[in-house]
Amino acid sequence: MSPLFAFIDLADAYKSQDETRFFNRIDENAFLDAAIDDLLAKPAQTTPGMSGMQIAIGMNAIELAKSQLITNLSLQIHEHFKKRTSIENSLLQPALANQIDDSSEFRPDKYTVDGKHGLVLDPREIKQVMKNYRRQIGKTAEDFKNDTYRRMIAFLERNPDYFISQVYHLPQTNRGAALLDLLAKHGLSPGEFKGITRFGEGQTFENKEIAHVGFKFLNKRTDSEVVIEVELAKNTATKLWQIKRIKNFNEIFADLEIDYNSEVHCLFASALKGLDEEFVKERTKQINHELYPVFNLKPQASTH
């Protein structure tokens with residue numbers, strides 16, 4: 001059947017609450033994963049003025065948000081078919097970093113300082129020192145990620161007029177309808193659908209069959225066209241066309257006159273302010289001093 005039929009079948013399955021047929025027509029994991037990447041990760045990586053360290057910390061925080069967003073969005077999709085009346089919050093609290101294991105066996109007072117040979121360490125204690133050090137460094141990295149995540153949420157709370165903030169604050173129930181209302185305020189209304197455009201089929205380098213379908217709408221605010229381009233792929237097992245992703249978010253936002261990338265850049269820069277290489281270096285030195293003050297001991301001068 002034609003890729004176009006996938007959309008008809010998907011809509012009918014949703015309306016009739018046919019869960020099996022619905023998920024035969026959309027690759028849920030691929031669609032949600034691509035959406036979060038295109039709407040959050042990719043724009044964030046282009047934030048001006050970010051160092052490699054900041055990008056790495058930020059991407060870790062986005063992975064945390066991404067996994068939780070995908071989980072929640074999936075729950076909301078499945079809720080329609082299970083008719084649940086309530087679901088969990090859209091953004092769960094960041095996972096707490098693992099607690100440091102009991103290191104009571106590591107006792108700095110067991111080390112000795114010899115005037116001639118300097119610090120003398122028991123080999124077993126050296127192993128424990130390095131184990132605890134790696135664990136604390138890992139916990140610090142987890143703290144950076146969680147702190148950046150919390151800063152992102154705080155930014156969204158402080159800037160309710162941003163489009164990305166309005167999406168974040170959509171109600172947990174009837175989120176789909178609320179999103180349509182929000183888009184309608186920006187001029188993109190389902191009632192202004194004007195037909196199909198940019199239709200085509202082909203194959204990838206892996207010989208997978210793909211198709212692209214463009215849905216044309218009239219932007220009531222600007223009296224101009226907006227095209228939403230969807231990518232589909234044929235499932236090799238079922239031979240059915242499945243919706244994979246929306247391909248042209250940047251173009252859509254430009255047509256709606258939403259400076260979305262700049263909003264993400266502001267979000268990212270705010271969340272990572274101060275978390276640079278110098279901060280990480282100082283934190284590492286602090287760990288050395290707090291956990292293992294014995295390392296700061298200087299050999300006593302020899303009296304011989």
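- Scanning all heavy atoms of the two residues, the minimum distance from S2 to W241 falls at C-CD1, 3.9 Å.
- Between the N248 side chain and the E251 main chain, no donor and acceptor come within less than 3.5 Å of each other.
- Applying the ring-ring contact (aromatic ring centres under 6.0 Å, His included) test to pairs two or more places apart or on separate chains, none has a residue in residues 52-74.
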- Task: For side chain to side chain contact (heavy atoms under 4.5 Å, CB included), just list the numbers for R221 and L256, CA-CA rounded to whole Å, side-chain angles, deciding distance to a tenth of an Å, and then say yes or no.
- Result: CA-CA 8 Å; R221 290 178 62 247; L256 295 177; 5.5 Å; no
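- For Q242, the side chain to side chain contact (heavy atoms under 4.5 Å, CB included) partners two or more places apart in sequence, or in a different chain, are D27, N235.
- Side-chain atoms of E231 never come within 3.5 Å of backbone atoms of I210 as a donor-acceptor pair (strictly under, hydrogens ignored).
- Judged by distance alone, the side chains of E28 and S74 do bring a donor and an acceptor atom under 3.5 Å apart.
- Atom CG in L73 sits 12.0 Å away from atom CD in Q68 (nearest 0.5 Å).
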- Message: I'd like to know whether K208 forms a side chain to side chain contact (heavy atoms under 4.5 Å, CB included) with K234, so could you lay out the CA-CA distance, the side-chain angles of the two residues, the decisive distance to 0.1 Å, and finally the verdict.
- Response: CA-CA 7 Å; K208 293 181 179 179; K234 184 174 284 189; over 6 Å; no
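- Counting heavy atoms from C-beta on, the side chains of F253 and N261 never come closer than 4.5 Å.
- The backbone N or O of L64 lies less than 3.5 Å from a partner atom in the side chain of S67, making a donor-acceptor pair.
- Partners of F22 according to the ring pair (Phe, Tyr, Trp, His ring centres under 6.0 Å) rule, which considers only residues two or more places apart in sequence or in another chain, are Y14, F81.
- For the pair L156 and H169, the tightest heavy-atom approach, listed with the atom from each and the gap, is O-CE1, 3.6 Å.
- Within the 4.5 Å cutoff, the side chain of D255 has no heavy atoms near those of the T222 side chain.
- The minimum heavy-atom distance between M152 and A271, with the atom names listed, is CG-CB, 3.7 Å.
- Between the CG atom in D38 and the NZ atom in K42 there is a gap of 4.5 Å [rounded to 0.5 Å].
- No donor-acceptor pair closer than 3.5 Å links the side chain of S270 to the backbone N or O of C266.
- When atom types are taken as modelled, the side chain of T47 and the backbone of M50 share no donor-acceptor pair closer than 3.5 angstrom.
- L240 and F7 end up in different hydrophobic clusters when Ile, Leu, Val, Met, Phe, Trp and Tyr side chains are linked at under 4.5 Å.
- Of all the heavy atoms in K145 and N60, the pair that sits closest is CD-O, 3.2 Å.
- By the 4.5 Å heavy-atom criterion applied to side chains, D33 and K66 are counted as neighbours.
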- Item | Verdict with supporting geometry, Y168 and Y162, ring pair (Phe, Tyr, Trp, His ring centres under 6.0 Å) | CA-CA 10 Å; Y168 167 72; Y162 278 21; over 10 Å; no
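- For the pair F155/R150, no side-chain contact is recorded, criterion being any heavy-atom separation below 4.5 Å from C-beta on.
- For V227 against I252, the heavy-atom pair with the smallest separation is O-CG1, 3.6 Å.
- Looking at L272 and I57, their side chains come closer than 4.5 Å, going by heavy atoms from C-beta outward.
- Distance check, rounded to the nearest 0.5 Å: CG of L180 to CZ of R175 gives 12.5 Å.
- The ring pair (Phe, Tyr, Trp, His ring centres under 6.0 Å) check on H186 picks up F163, with sequence neighbours excluded.
- Counting heavy atoms from C-beta on, the side chains of E225 and N219 never come closer than 4.5 Å.
- Taking every heavy atom of both residues into account, K273 and R151 meet most closely at O-NH1, 2.7 Å.
- Taking the side chain as every heavy atom from C-beta outward, L4 and F199 approach each other to under 4.5 Å.
- Rounded to the nearest 0.5 angstrom, S165 OG and N159 CG are separated by 5.5 Å.
- We find that D37 and R245 are not joined by a salt bridge, their nearest charged nitrogen and carboxylate oxygen being 4.0 Å or further apart.
- Taking the ring centroids of Y260 and F249, they lie at or beyond the 6.0 Å cut-off.
- Side-chain contact between K220 and S189 is present, with at least one heavy-atom pair separated by less than 4.5 Å.
- Linking ILVMFWY residues whenever their side-chain heavy atoms come closer than 4.5 Å, directly or via other members, places I258 and I246 in the same cluster.
- Atom CG of D9 sits about 12.5 Å away from atom CD1 of I26, to the nearest 0.5 Å.
- Residues that satisfy the salt bridge (charged side-chain N to carboxylate O under 4.0 Å, His left out) test with D181, not counting sequence neighbours, are absent from this structure.
- Here K194 pairs with E192, K216, L218 under the side chain to side chain contact (heavy atoms under 4.5 Å, CB included) rule; sequence neighbours left out.
- Atoms OG1 and NE2, on T197 and H212 in that order, are 13.5 Å from each other to the nearest 0.5 Å.
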